[in-house]
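Data block below; observations after.
Reminder, nothing fancy here: chain letters follow the sequence lines and each chain counts from 1.
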Amino acid sequence: MKQNLKVIGEHTNHIFKQNTQITQLGKSGQIHEAVKLFSEMTRKNTVTYNSMISALNKNGKFNDARHLFDNMPRRNLVSWNTMIAGYLHSDRIDEAYRLFVKMPKRDRFSWTLMISYFTRKGELEKARELFDLFPHKRDVAFWNVMIRGYGEKGRIVEARRLFDEMPLRVVVSWNLMLSCYTRNGEMRLGREFFEGMALRDVVSWNLMVDGFIEVGDLDSAWEYFEKTPYPNVVSWVTMLCGLARSGKILEARRLFDQMQNKNVVSWNAMISAYVKDYQIEEAARLFSDMPNRDSFSWTTMIDGYVHVGQLDKARELLNQMPYKDIAAQTAMLSGYIKNKRMDEACQVFNEIAARDIVCWNTMIAGYSQMGRMDKALDLFKEMKDKDLVTWNTMIIGYAQIGEMEEAVKIFNGMKIKNVVSWNSLITGFLQNGLSMDALTSFKLMAHEGITPDHSTFACSLSACANLAALQVGKQMHNKVLKSGHLNDLFVGNALITMYAKCGRILCAQLIFDDLDEVDVISWNSLITGYALNGYGKQGVQLFEQMVSKGRAGMLSEAFEVVRGLKIRANAGIWGALLAACKTRGNLKLGKIAAEQLSEFEPRKTSNFVLLANMQAEAGSWDEVENTRLSMKYTEAEKQPGCSWIEVRHQLHCFQSNMPMQPETAEVYSNLKTLTSQISNLDCVSKSSLIDNL
DNA sequence: TATGCGTAGT
């Protein structure tokens, strides 16, 4: 008897182990191994089936999961809930709902599953409907789910109404309500609520600290952190991240060193801080020193290596990772894409079994950046669950290959747009020489109640610069002042360019002088501005000043800065360096700069010309010929001729091969009249006057 | 309540 029980016990234990293994394999994407184990198992119980269904769902094999669900010998509540969760995860909401209705019995989990699905999707009305239908006695947790849903969508007033209606509140309810304020940047209301809280714990204090950090009020964050009665590891990590985000990496490290009970998250947060500060070696040191690592640690390090361009190191780490994590794989994918190693990118993409939105979006962005919008569109269509980033990526992709009509089509097809969607559209117009449309979009955006951010201002100011629209530019400057984005470097630089291109070089200089911090682009914008306004000498002087001051003192050093670390290189920076190389006659580095520049501006004639001139000065005539040929080969083209005039704050733009509009026709007819009148007056043209001087 | 991967800009 005793012996028999022991045998049964061993069997149960064995099944239990195998069930757990199936779950583990499912979680780590090893679905084939899970299936193999499942089919090899001679004894299975309901949990075995449930584990297998869950594993199949996690790996996107919903139909197989459903097949198993339909054919399993005995189903319990967990089987139903697992299957519903799978459908919800894959957005097959109708099937999930059908199962939910068909269930012989529903528990709190089933209800919570459906409600949290709807709250996550932002369909709060549907969630609320279920909330009101809930047949059991609503316990506190149930109210909490709904409040969280409202809070996550920024619907603070409704959350508060529900909170006030609650028959019973526990500390979690108070904290959830507090988080509605702190997570939505409402720190004034948050503070008020916090002061009046009937129940408070360390979470409440942490929420306040985190809220202040989110709105950039580091002083208040610190104040609350210090006042926290019994800070826990979360308090410390929150504060540490706040310091790191404000660039106070040394203070963050000091806090880290002071921490008594470090856990894996503390280590991860510190590593992440170093990675974001490009201190990859310090990050690697911590990574190797830490007592144990989780998937966050690995992903952070992999992403860190990707950040500094050490892709092979990143790959090596990914290979070493015990359980491949989708975030880590996506970091690697993104690294290959950034470096245009598409074959390897595809390889990683194919290795990922259960792809999530981020992973799909990364791949779509990859194809977009390669100009392969056909491939991007295929993926876009194939994707079931799209988010704002997906749509925005498509807009950018079409804009980049000059297909603004398609970009606009995508934009118009969006049900919800965010500030990035608008910025992408504006940038698209800008990049395609449609600065007027860019400015029109800026107006429309305000009309739809979207608040422009620093990026919007930077682009729109750039549009003003392109059009030399001084009045509009000044208005924009005014808006920037009111918005508080004046200290943003992107905006500051855009203002410099705007004033410079509008012929107000002194204003540009004033903006430059007022900036707290300047970078290579600020210098470049100002220098270009002086040159543009005919002050070539001042421009060169300024450049000398830059070379003697900042990082560009040594050209090769400047290259190091640009190539990897502190500054994200773009056309402007490479252009500045190319120009610097030209001045200093450094052909070797000039060639590299030109090469990099051609990645950004493959068809810009002036880059080719600059390089050719350098080669000519160095007497390398063969190379001059090569450059000339590649210019021809890449069909380098000049910008279409464009002129504009501002009359009574209204901008009128004239472009060669621009379609005729009623206004244009009128202008031309007036011009004809004027021309004939002038010729009757026997005038001398300005140009011939200059010729005679 | 804390940590990782994806979109825009000078």
Over how many whole Å does the gap from A:D277 atom CG to B:dT3 atom C1' extend?
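That distance rounds to 17 Å.
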Please give, in whole Å, the distance from B:dG9 P to A:L430 CG?
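Atom-to-atom, A:L430 to B:dG9, this comes out as 9 Å.
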Out of B:dA8, B:dT10, B:dT1, which has the shortest distance to the side chain of A:S462?
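It is B:dT10.
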Choose from B:dT7, B:dC5, B:dT3 the nucleotide whose nearest atom is closest to any side-chain atom of A:F296.
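So the nucleotide nearest the side chain must be B:dT3.
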Side-chain donor/acceptor of A:D210 to base of B:dA2, under 3.5 Å:
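In this structure, the two groups form no donor-acceptor pair.
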Determine the contact category for A:I302: base if any of its heavy atoms lies under 4.0 Å from a base atom, sugar-phosphate if only primed atoms, P, OP1 or OP2 are that close, otherwise nothing.
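A:I302: no heavy atom of the nucleic acid under 4.0 Å.
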Select base, sugar-phosphate, or nothing to describe what A:S525 touches, counting heavy atoms under 4.0 Å on all strands.
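If one applies the 4.0 Å heavy-atom cut-off, A:S525 turns out to touch nothing in the nucleic acid.
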By centroid distance (under 5.5 Å) and plane angle (under 30°), are A:F490 and B:dT10 in a stacked arrangement?
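A:F490 vs B:dT10: stacking no.
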If you compare every side-chain N and O of [X] against the phosphate oxygens of [N] (OP1, OP2), does one of them come in below 4.0 Å?
{"X": "A:R355", "N": "B:dC5", "answer": "no"}
{"X": "A:Q431", "N": "B:dG9", "answer": "yes"}
{"X": "A:R200", "N": "B:dT1", "answer": "no"}
{"X": "A:T427", "N": "B:dA8", "answer": "no"}
{"X": "A:K276", "N": "B:dG4", "answer": "yes"}

Would you call A:E251 and A:R254 a salt bridge, taking side-chain N to carboxylate O under 4.0 Å as the test?
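A salt bridge is absent here (no side-chain N lies under 4.0 Å from a carboxylate O).
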